There are 2 protein chains.
Amino acid sequence: MGERFLKSIRLLAECMQGYERLSGEYVRRSGLTHAQFDIIATLGNTPGMSYKELGDKTLITKGTLTGVIERLEQKGLVERQRNDCDKRSFFVRLTKEGERTFCTVFPEVIGNSGKVFADFSDDDFARLEKTLSELKNVIMAGQTESPSTRDCD
Amino acid sequence: MGERFLKSIRLLAECMQGYERLSGEYVRRSGLTHAQFDIIATLGNTPGMSYKELGDKTLITKGTLTGVIERLEQKGLVERQRNDCDKRSFFVRLTKEGERTFCTVFPEVIGNSGKVFADFSDDDFARLEKTLSELKNVIMAGQTESPSTRDCD
DNA sequence: TATTGTTATACTCTATAACTATA
DNA sequence: TATAGTTATAGAGTATAACAATA
């Protein structure tokens, strides 16, 4: 009760919420759902990854993922390819059009929600990055570890 | 492209995601959905509020809110009361059982996800709070303003 | 036996818009 | 006219668990 971290957690939640309110508008405008945008943003600038990895990064469980990827595939934004070295697994990657979408929608969402930082100085950013990095490390350390050092690439 | 705030936004998103992964487990365990927990947490330690206010605070749109509140009402966790001074409006508040739920589930969720802060010093908290407060202010300033100074209480 | 992804179920959330009743 | 909340609709996400193929 009244423990110190409550205030930080609440602030974090408020930042999360505020940021989602800001960016959500632009995500919706792109015709993508939140989950779909999440996938596109996660696949952007990567050679692709497995369902497993995508699920881990986006918090979308595998059952749901099948549906989300399916819809993105129907939109022609992602494509799947059997993983040669583990035939149970797929490799999901952005198609050319998916990359175009990533390159237009992502900056738009990020850019518009990023407007609020207009008055931030380099110093402000440095401090924010440092603090958020530490926070991230602390939060990630609390997750149930699953390093999963792959040995197939 | 490569703008400075991208890193901060990504860190914030990662913190959000990590935190949701941490807390989500405990929220689910409580038998509440994310949206329901959001409502309970928002109503906790308040005398109650209108649908409008609840919607503003939780990002749940009014159409959805009707359903969420309905389910919480069926569970006996919240109750509604006509607002005397504006008969279009309801006052939603936690029931006794809702308060019990808030008092058990909220600290459990918060407490468990808060474990990760075990090693934080007072200084760490102070810095985190300061930075997050500033971030929140910046983010909130970017929202479409809706002060809504009520005059009926 | 464990893991990757699929399928099925039942429910909840979501956006949107038309609607009512109050203001 | 504008606002608070309701209803309806169609689609999407969610948890969960049983399942197939592969490891």
Side-chain angles (χ1 to χ4, degrees), chain A residues 20-21 23-40 48-56 58-75 77-78 80-92 146-152, chain B residues 17 20-21 23-40 48-75 77-78 80-92 146-152:
Chain A
E20 268 167 17
R21 198 197 307 264
S23 62
E25 189 185 341
Y26 298 101
V27 170
R28 244 172 294 122
R29 241 179 243 180
S30 74
L32 297 170
T33 65
H34 182 76
Q36 288 168 7
F37 176 76
D38 224 10
I39 299 291
I40 299 287
M49 60 191 78
S50 69
Y51 274 54
K52 178 82 170 62
E53 225 176 323
L54 258 182
D56 286 346
T58 58
L59 302 192
I60 300 174
T61 52
K62 59 183 182 177
T64 305
L65 208 50
T66 302
V68 177
I69 297 292
E70 214 167 81
R71 264 156 255 148
L72 284 173
E73 213 176 6
Q74 276 161 15
K75 291 186 179 189
L77 301 181
V78 306
R80 301 182 311 163
Q81 190 175 23
R82 276 278 173 213
N83 185 341
D84 282 340
C85 81
D86 184 343
K87 296 211 173 76
R88 294 170 304 181
S89 181
F90 278 110
F91 221 65
V92 192
S146 62
S148 90
T149 29
R150 292 161 304 142
D151 47 11
C152 171
Chain B
Q17 209 169 53
E20 269 169 17
R21 196 196 308 265
S23 62
E25 189 185 344
Y26 299 100
V27 171
R28 244 172 294 123
R29 241 180 242 178
S30 74
L32 296 171
T33 65
H34 182 78
Q36 287 168 6
F37 175 77
D38 223 12
I39 298 292
I40 299 286
M49 61 191 77
S50 69
Y51 274 54
K52 179 83 171 63
E53 226 175 323
L54 259 181
D56 286 345
K57 296 205 180 203
T58 58
L59 302 192
I60 300 174
T61 52
K62 59 185 182 176
T64 305
L65 206 50
T66 302
V68 177
I69 297 292
E70 213 168 80
R71 278 173 289 261
L72 284 173
E73 214 176 6
Q74 276 160 15
K75 291 187 181 189
L77 300 181
V78 305
R80 302 181 311 164
Q81 190 176 22
R82 275 278 175 213
N83 185 341
D84 282 341
C85 81
D86 184 344
K87 295 213 173 72
R88 294 171 305 182
S89 180
F90 278 110
F91 222 65
V92 192
S146 63
S148 92
T149 29
R150 291 162 304 141
D151 48 12
C152 171

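Any value given below was found using the heavy atoms of this structure, including those in side chains, with hydrogens, waters and symmetry copies removed. Order of the sequence lines sets the chain letters (A, B, ...), proteins ahead of strands, with each chain counted from 1. These numbers come from a predicted model, not from an experiment.
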Nearest-0.5 Å distance that lies between atom NZ in A:Lys52 and atom CG in A:Leu54:
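Result: 11.5 Å between the selected atoms.
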Distance, nearest 0.5 Å, that separates NZ of A:Lys75 from CD of A:Glu70
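These two atoms lie 13.5 Å from each other.
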Rounded distance in Å - [atom1] ([X]) to [atom2] ([N]):
X	N	atom1	atom2	value
B:Gln81	D:dA4	CD	P	19 Å
B:Leu72	C:dT12	CG	P	11 Å
B:Asn83	C:dA21	CG	P	19 Å
A:Glu20	C:dT14	CD	P	10 Å
B:Leu65	D:dT7	CG	P	13 Å
B:Lys87	C:dT20	NZ	C1'	16 Å
B:Ile60	D:dT6	CD1	C1'	16 Å
B:Ile39	D:dG5	CD1	P	12 Å

Is any side-chain heavy atom of [X] closer than 4.5 Å to a side-chain heavy atom of [Y]?
X	Y	answer
B:Ile39	B:Ile60	yes
B:Asp38	B:Val68	no
B:Leu32	B:Leu77	yes

Over all heavy atoms of both residues, which pair between A:Ile69 and A:Tyr51 is shortest? Give the atoms and the distance, please.
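For A:Ile69 versus A:Tyr51, the nearest heavy atoms are CG2-OH, 3.4 Å.
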Which is more 5' along DNA chain C, the nucleotide nearest A:Arg28 or the one nearest A:Glu70? Just name the residue.
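That would be A:Glu70.
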For A:Thr66 and for B:Arg82, locate the closest nucleotide of DNA chain C by heavy-atom distance; then report the residue assigned to the nucleotide nearer the 5' terminus.
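So the residue in question is A:Thr66.
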Under 4.0 Å between a side-chain N or O of A:Thr61 and OP1 or OP2 of D:dA15?
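For D:dA15, OP1/OP2 do have a side-chain N/O of A:Thr61 under 4.0 Å.
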Between C:dT6 and A:Arg80, is there an OP1 or OP2 to side-chain N/O distance shorter than 4.0 Å?
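It does, given that an N or O in the side chain of A:Arg80 lies less than 4.0 Å from OP1 or OP2 of C:dT6.
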Do we get B:Arg80 above B:Phe91's six-membered ring, with its NZ or CZ under 6.0 Å from the centre and within 45° of the axis?
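Not flagged: B:Arg80 not positioned over aromatic ring of B:Phe91.
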Give, ordered by number, those residues of residues 30-38 of chain B having at least one heavy-atom distance below 4.0 Å to an atom of DNA chain C; if nothing qualifies, reply none.
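DNA chain C contact set from residues 30-38 of chain B: B:Thr33, B:Ala35, B:Gln36.
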Interface polar pairs with nucleotides 2-4 of chain C, N/O, under 3.5 angstrom:
residue, atom, partner, partner atom, Å
C:dT3, O4', A:Arg88, NH1, 3.4
C:dT3, O2, A:Arg88, NH1, 2.6

Quick check: are there more than 12 heavy atoms from other residues, nucleotides or ligands sitting under 6.0 Å from NZ of B:Lys57?
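Count not over threshold, so no.
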Main-chain N/O of B:Asp56 paired to A:Arg21 side chain as donor or acceptor, under 3.5 Å:
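Looks like yes, one N/O pair under 3.5 Å.
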Find which nucleotide of DNA chain D each of B:Gly63 and A:Thr64 is nearest to by heavy atoms, and output the residue with the more 5' nucleotide.
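It is B:Gly63, whose closest nucleotide lies nearer the 5' terminus.
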